[in-house]
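In what follows, chains carry the letters A, B, and so on, assigned in the order in which the sequence lines appear, proteins first and then strands, with residues in each chain numbered from 1.
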Amino acid sequence: MTQRSRRTLWLGLSAVAMAAGTFWIGWWSVPVLALFMGLRCRSGDAAIAALLAWTGLLVWNATTGPILPYADRLGGIFGLPGWGMLLATPLFAALLGWSAATLPHSLRHGGT
Amino acid sequence: MLHPASMRRFRLVIALVLLLALGFVGARPLGPLPALGDFLDPANGAWALLRASRLPSSISRLPGLSAPVELLLDDRGVPHIFASTEVDAYRALGWIVARDRLFQLELTSRATAGTLAELLGARLLEADRATRALGLAHAADRKFARLDSTSPGRRAIMAYADGVNAWIEGMGPADLPVEYRLLGKRPRRWRPEYTMYLFANMGLTLAGEDPAQPRLAVQSLVGQAAAEALVPLNSPVQEPIQPNGGAAPRFALAPLPPPGAPDSEATLALSLRRDLARGSSAERDEDGAGVLGSNNWAVAPSRTRDGQALLAGDPHLRLTLPSIWYEAHLVVPGRLDVAGVTLPGSPGVTIGFNREVAWTFTNTGSDVLDLYRETVDHPTSPTRYRLDGAWRPLGLSVETYHDPAGRVLAVDTIRFTHRGPMRQAQGHWLSMRWTVLEVSREIDVFGRAVAASSAEDWLDAMREYLVPTQNGLVADRRGTIAVRSSGWYPLRPGGRGDLIFDGSTSASDWTGRLPVEQYPFSIRPTQGFLASANQQPVDPQDNPAYLGADWPSPWRAIRINTLLRGEPRMTPDGMRRMHTDPESARAQAFLPFFQSAGGIPQAAGQSDPKLDRALSLLAQWDGSYRPDNERAILFELAMRELPTRLWDELIPPDSSEPSGRPVYSTSQSLYLALADPGSVWWDDRRTADTLETRHDILAQSLKAAFDTALARYGEPDGGGWAWAKVWPTNIWHLLRLPSLSATGLAVQGGPETIAPAGRNGEHGASWRMVVELGTPVRAWGTYPGGQSGNPASLLYTNRIQQWVRGELDSLLFPRSAAELPDRRVRSRVRLMPAGGK
């Protein structure tokens with residue numbers, strides 16, 4: 001298995017773990033899992049995994065209902081366009097994942 | 001260039017700050033923002049409502065059921081509930097209504113209880129105080145407590161509450177309505193009493209009218225004689241619900257007495273009534289005209305194409321998303337088979353049909369609220385009041401108001417006499433007696449009425465109906481049609497109820513209720529049709545009993561009756577088309593007066609280009625209010641200008657009214673003046689050196705309307721004058737969130753058309769229904785909204801465009817679950833008793 005394949009597999013498993021964590025535990029499982037990921041991998045990977053996890057969950061929701069008009073309605077509450085709302089959701093997870101993973105990663109690599 | 005170690009430190013600081021910030025906004029609400037983590041969470045947050053919008057076919061437990069219940073949701077989102085007992089059916093109804101309308105249930109009950117501030121914040125405190133001062137929740141609690149524990153109504157309420165609570169307890173994280181997520185709240189348990197709160201809330205909307213206020217407002221400025229003429233007890237245009245034998249409206253137009261001197265007593269009485277009835281006044285638009293305009297009509301088989309009775313109804317209320325109505329079909333073999341609309345929170349169908357009978361209501365708007373000036377033992381903190389020479393203790397209730405965090409916002413003491421709640425207004429203590437606060441058993445009445453097997457049976461069940469007074473229209477499969485204005489009409493000493501009574505004597509108290517036999521009523525009329533549109537229910541020449549005052553103008557009733565008289569072979573589709581009929585009897589009555597406004601200057605050889613142009617545009621109007629009509633707005637603006645010029649005497653000198661509007665003007669009072677061209681009211685006293693005539697005022701109004709239209713909407717043919725653009729309908733979400741609302745809707749209809757459109761555009765036909773009483777019974781209906789209160793659902797707004805177009809859905813009415821075609825079934829849920837298999 002090449003390093004690239006291993007990384008892809010790792011990212012996929014991490015994304016699944018984050019999606020499952022979000023489903024069973026809650027949104028805060030994303031930074032918790034990212035903290036652990038930061039011990040092993042780059043913080044960017046944690047961000048990508050979180051992004052994939054929440055995007056996957058959004059797609060799952062989209063298969064069950066009219067996500068675009070709903071995004072418009074939700075976004076309108078906050079003065080955002082629908083696509084802004086759709087974008088903000090995985091972005092929130094990605095930022096959580098990146099910031100949480102950066103802490104152990106930086107500490108491990110002599111950040112202080 | 002930073003050193004790598006510094007870069008890492010910098011990244012660490014940035015990450016730490018970002019993580020803390022995201023953690024904070026993720027976990028805690030910030031200002032108006034909800035906690036973003038919970039809200040954005042695509043698994044269990046707001047996005048999850050997309051998954052919750054579907055109810056998959058499944059088996060669910062519903063504690064308390066005596067036997068399994070089949071619940072089929074059709075493709076319109078309507079539940080068809082097949083149960084073994086009525087109680088099981090109502091339990092299942094509570095369960096499915098909670099699934100679709102949970103936040104609405106809580107908001108409605110809180111609006112009546114005066115606890116909105118606990119949910120929505122301190123800005124609702126004054127609204128809560130006004131509501132609690134009316135004693136609605138106390139009365140609702142009392143009504144519930146008085147229901148016999150074995151009465152069908154109470155058992156239905158209890159079962160419904162169990163169903164609601166079973167849903168709340170069993171719902172998953174994805175099911176939490178978006179409003180709770182935005183507010184950071186969880187739903188509270190549903191108490192059975194809340195059903196009575198709902199009825200009280202409906203009473204507030206439909207029976208909160210104080211007919212004395214308009215007359216006192218006029219009297220305070222121009223004296224009693226003018227006030228009695230301008231705000232008469234009886235409509236000057238008579239087109240009553242109970243047919244009076246006429247084939248056309250009866251106009252009882254008397255010359256208006258001249259304006260008299262201001263009446264300071266009336267000013268005081270008015271301010272007392274305004275203070276006391278604060279929060280109870282019915283909904284009115286900016287000109288003071290009522291905005292709730294419901295209709296119903298029925299046609300006997302002799303005047304229908306297929307020889308079967310037809311019935312139509314469209315109750316007009318404030319339009320909201322989700323809708324005030326929820327459609328349902330309940331089947332209990334041998335006992336109940338009824339479909340129609342329910343009020344979320346109430347077990348049972350309010351307007352609908354069964355296999356034999358169909359029924360619908362309009363509001364009667366009778367006078368059911370009286371005020372009494374009380375003598376008390378202390379000017380500011382009384383504990384006793386005087387009655388028949390003896391002191392009686394006041395009932396006291398300490399009301400505490402909380403904010404969403406549980407902090408106390410205010411504490412009030414509400415006092416009660418034997419008549420009802422008492423309030424202080426300008427140093428006086430006044431108590432209020434109001435039928436809405438009296439013990440009544442509408443829930444039992446409706447329970448019997450929905451199972452009626454004939455129109456007579458339905459009328460018999462409705463004999464006990466009391467609050468709010470309603471024009472109940474019924475038709476059956478045998479071809480009987482009937483209407484009765486049912487409810488509690490108080491009998492008072494002296495007859496009239498629009499005065500303030502002396503509270504120190506029990507001789508001022510109500511002496512009873514009008515007997516059912518004296519209610520306005522008609523059955524199998526020779527004319528072959530019946531209609532009601534909130535107008536005065538009976539011609540005073542036929543029955544002079546005092547039922548109320550300041551009745552809505554009968555223009556809608558005139559139009560409905562005109563259409564019914566003109567169609568000897570009515571069809572269901574003809575009934576449907578009437579719902580959005582664009583013509584207006586009001587326009588037909590007033591348009592000739594405006595068209596004559598050009599006569600005098602032209603005859604005198606004067607030319608007025610602006611007036612000529614306005615008249616020319618008005619001449620192009622066909623009198624209809626179709627969405628693309630570009631002339632109706634000119635007429636409406638002229639109708640709005642006319643009162644400010646005609647009723648200058650009714651504009652208070654220290655005008656607190658917005659934009660110098662008269663304190664009172666209705667199309668009936670305008671018509672009285674127009675029919676009297678020599679009246680001194682036509683002179684505008686603000687122009688001391690000119691004596692205006694009717695022609696002058698009409699011409700001025702028309703020219704001012706033209707100026708306004710040009711300024712607001714541009715040139716007449718520029719597209720800006722289109723009726724739909726200038727007079728749209730707006731259906732607001734319960735929290736008035738714009739993105740969850742449907743605004744700017746291009747509906748057909750205008751002021752006083754059958755589909756009346758108030759100026760604020762927030763009222764309209766809350767439900768439209770046509771029923772053909774044949775074999776089988778067929779029905780069509782819709783309402784503006786959708787069955788689901790979940791904005792992620794396709795069923796949130798799916799009916800709005802259909803409603804705008806005036807179309808109706810064919811309503812499914814299967815006798816059994818097997819009779820419902822598979823292709824029309826969205827999901828099948830088998831509700832099982834707890835512990836059942």
- Task: Using a 4.5 Å cut-off on heavy atoms from C-beta on, say whether the side chain of A/Thr102 contacts that of B/Ile14.
- Result: no
- Side chain, backbone, both or neither: which part of A/Ala53 has a heavy atom under 4.5 Å from chain B? neither
- Note on the structure: Heavy-atom closest pair (A/Ser99 atom, B/Ala15 atom, distance to 0.1 Å) is CB-O, 3.4 Å
- Message: Can you tell me which portion of A/Pro31 sits under 4.5 Å from chain B's heavy atoms? Options are side chain, backbone, both or neither.
- Response: side chain
- Message: Between A/Phe78 and chain B, with a heavy-atom cut-off of 4.5 Å, which part of the residue counts as in contact: side chain, backbone, both or neither?
- Response: side chain
- Item | Contact class of B/Val17 relative to chain A, heavy atoms under 4.5 angstrom | neither
- Message: Quick check on the 6.0 Å ring-centre criterion: do A/Phe92 and B/Phe39 meet it?
- Response: no
- Straight-line distance of A/Leu58 CG to B/Leu40 CG, nearest 0.5 Å: 9.0 Å
- Item | Chi angles and distances behind the side chain to side chain contact (heavy atoms under 4.5 Å, CB included) call for A/Arg73, B/Thr797 | CA-CA 12 Å; A/Arg73 286 180 182 144; B/Thr797 54; 3.1 Å; yes
- Note on the structure: dist A/Leu74:CG -> B/Arg181:CZ (nearest 0.5 Å) comes out at 10.0 Å
- Taking B/Asp41 for the side chain and A/Gly26 for the main chain, is one N or O donor matched with an acceptor at less than 3.5 Å? no
- Task: Can you see which heavy atom on B/Ala792 is nearest to which on A/Pro66, and at what distance?
- Result: O-CD, 3.3 Å
- Picking from B/Ala43, B/Ser741, B/Gly45, which has the most non-hydrogen pairs under 4.5 angstrom with chain A? B/Ala43
- With a cut-off of 6.0 Å (strictly less than), are more than 12 heavy atoms of other residues, nucleotides or ligands near NZ of B/Lys185? yes
- Message: Which residues in residues 19-34 of chain B have any heavy atom closer than 4.5 Å to a heavy atom of chain A?
- Response: B/Leu19, B/Leu22, B/Gly23, B/Val25, B/Gly26, B/Ala27, B/Leu33, B/Pro34
- Nearest-0.5 Å distance that lies between atom CG in A/Leu103 and atom CG in B/Leu16: 5.5 Å
- Item | Side chain, backbone, both or neither of B/Pro738 within contact of chain A (heavy atoms, under 4.5 Å) | neither
- How about residues 47-57 of chain B versus chain A: which residues have heavy atoms under 4.5 Å apart? B/Trp47, B/Ala48, B/Leu49, B/Leu50, B/Arg51, B/Ser53, B/Arg54
- Task: Under 4.5 Å, counting heavy-atom pairs only, tell me which of B/Val178, B/Leu737, B/Asn44 racks up the most with chain A.
- Result: B/Asn44
- Message: Please determine whether the number of non-hydrogen atoms from other residues, nucleotides or ligands lying under 6.0 Å from atom CZ of B/Arg188 exceeds 12.
- Response: yes
- Spell out the residues in residues 81-88 of chain A that have some non-hydrogen atom less than 4.5 Å away from a non-hydrogen atom of chain B, in order of number; otherwise answer 'none'. A/Met85, A/Leu86, A/Ala88
- Check each atom of A/Ser43 against the heavy atoms of chain B and say whether the ones under 4.5 Å are side chain, backbone, both or neither. side chain
- Could you check which of A/Trp98, A/Phe23, A/Trp54 has the highest count of heavy-atom pairs closer than 4.5 Å to chain B? A/Trp54
- Rounded to the nearest 0.5 Å, the CG atom of B/Leu36 sits from the OG1 atom of A/Thr89 at a distance of 9.5 Å
- Task: Among the options A/Gly65, A/Pro69, A/Ala101, pick out the one with the most heavy-atom pairs lying under 4.5 Å from chain B.
- Result: A/Gly65
- Qualifying residues under side chain to side chain donor-acceptor pair (under 3.5 Å), relative to B/Thr729, sequence neighbours excluded: none
